Amino acid sequence: MLEIIIIVVGIGLDRITKIIALNGLQSLPGGDYALWPGVFHFTYIENRGAAFGILQNSQIIFIIIGSAVAGVIGYLLINKRNDFPLWVRCTMAVVLAGAIGNLIDRVFFGYVVDFLYFKLINFAIFNVADCFVVVGTIIIAVYLLFVYKEPAKAENI
């Protein structure tokens with residue numbers, strides 16, 4: 001149940017922030033608002049590629065990959081939920097919310113709305129769904145690499 005709440009709230013937060021970016025930033029000069037000038041800006045872009053704008057206009061590839069990721073995580077949350085502790089399931093739900101958030105953009109608009117920009121280090125412009133996917137994936141990777149222990153198999157006698 002908690003996982004469903006996280007998914008719904010995560011998708012809602014992503015949609016709301018993208019709508020605010022669309023309505024509030026698109027009309028500004030350069031689509032840019034300096035929250036902390038030279039350090040952190042809200043900068044509206046329509047990303048038709050992947051991270052750092054690679055593979056521009058390859059929406060069908062990203063829709064297939066996003067759908068596959070969402071499907072696998074959904075399957076695990078529904079059918080293998082007892083194999084994972086609650087905190088891992090919640091992290092999987094965060095990743096799923098991010099994947100669905102960006103998938104919604106790609107399917108309905110043909111691009112992903114990005115608006116968070118760390119100008120100080122000239123990092124790629126990203127969005128809330130990207131944060132969910134990246135942070136959640138890192139946490140799951142740490143779990144799988146350093147915490148998870150595969151159950152011992154019974155030996156045949």
Side-chain angles (χ1 to χ4, degrees), residues 1-28 31-33 35-36 40-118 123-149 151:
M1 181 66 174
L2 181 58
E3 299 94 322
I4 293 170
I5 293 169
I6 290 169
I7 294 165
V8 170
V9 169
I11 293 169
L13 183 61
D14 179 61
R15 297 300 327 142
I16 289 167
T17 58
K18 287 175 179 174
I19 290 167
I20 291 169
L22 177 68
N23 293 331
L25 295 173
Q26 199 172 24
S27 61
L28 296 177
D32 186 76
Y33 175 79
L35 184 64
W36 184 359
F40 184 78
H41 291 223
F42 293 115
T43 304
Y44 178 85
I45 65 163
E46 296 173 355
N47 186 352
R48 288 172 168 76
F52 306 103
I54 61 172
L55 296 173
Q56 287 292 311
N57 299 312
S58 300
Q59 293 308 315
I60 192 69
I61 294 170
F62 301 123
I63 290 170
I64 291 168
I65 292 170
S67 297
V69 168
V72 168
I73 294 173
Y75 171 82
L76 292 172
L77 286 173
I78 293 168
N79 296 308
K80 301 289 185 179
R81 66 178 288 113
N82 294 330
D83 293 352
F84 304 100
L86 178 62
W87 69 271
V88 173
R89 293 193 315 263
C90 290
T91 305
M92 292 165 71
V94 168
V95 173
L96 182 56
I100 292 171
N102 281 339
L103 196 55
I104 289 169
D105 278 6
R106 292 189 192 286
V107 168
F108 291 101
F109 308 112
Y111 57 84
V112 173
V113 172
D114 288 336
F115 57 92
L116 302 171
Y117 180 36
F118 283 101
F123 192 72
I125 301 172
F126 56 100
N127 61 46
V128 172
D130 296 336
C131 295
F132 291 163
V133 170
V134 170
V135 172
T137 300
I138 290 169
I139 292 169
I140 291 169
V142 168
Y143 168 75
L144 291 173
L145 291 171
F146 300 110
V147 178
Y148 177 76
K149 303 252 187 290

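Quantities reported herein were computed from a predicted structural model and do not represent experimental measurements. We're numbering straight along the sequence, starting at 1.
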For Leu28, side chain to side chain contact (heavy atoms under 4.5 Å, CB included) partners two or more places apart: Leu25, Tyr33
Compare every heavy atom of [Y] with every heavy atom of [X], then report the nearest pair and how far apart it is.
X	Y	result
Arg48	Tyr111	NH2-CD2, 3.4 Å
Ala129	Asp14	N-OD1, 3.1 Å
Leu103	Phe62	CD1-O, 4.4 Å
Val113	Lys18	O-CE, 3.6 Å
Ala21	Tyr44	O-CD1, 3.8 Å
Val133	Ala99	CG2-N, 3.6 Å

[atom1]/[X] to [atom2]/[Y] distance, rounded to the nearest 0.5 angstrom?
X	Y	atom1	atom2	value
Ile73	Met92	CD1	CE	6.0 Å
Phe84	Tyr148	CZ	OH	6.5 Å
Ile100	Leu96	CD1	CG	4.0 Å
Ile11	Ile16	CD1	CD1	12.0 Å

Leu2 side chain near Leu86 side chain, heavy-atom distance below 4.5 Å: yes
Val128 side chain near Phe115 side chain, heavy-atom distance below 4.5 Å: yes
Name of the residue among Ile140, Val142, Val135 meeting side-chain contact (heavy atoms from CB on, under 4.5 Å) with Thr91: Ile140
Ring geometry between Trp87 and Tyr143 (parallel below 30°, tilted from 30 to 60°, perpendicular above 60°): perpendicular
Chi angles and distances behind the side chain to side chain contact (heavy atoms under 4.5 Å, CB included) call for Leu13, Phe132: CA-CA 11 Å; Leu13 183 61; Phe132 291 163; 4.0 Å; yes
Asn47 side chain to Asp105 side chain, donor-acceptor N/O pair below 3.5 angstrom: no
Inter- and intrachain pairs under salt bridge (charged side-chain N to carboxylate O under 4.0 Å, His left out), touching residues 59-83, at least two apart: Glu3-Arg81
Steps toward side chain to side chain contact (heavy atoms under 4.5 Å, CB included) verdict (Asn127, Asn102): CA-CA 9 Å; Asn127 61 46; Asn102 281 339; 3.2 Å; yes
Centroid separation Phe40 to Phe42 less than 6.0 Å: yes
Worked verdict on Ile139 versus Val94 for side chain to side chain contact (heavy atoms under 4.5 Å, CB included): CA-CA 11 Å; Ile139 292 169; Val94 168; over 6 Å; no
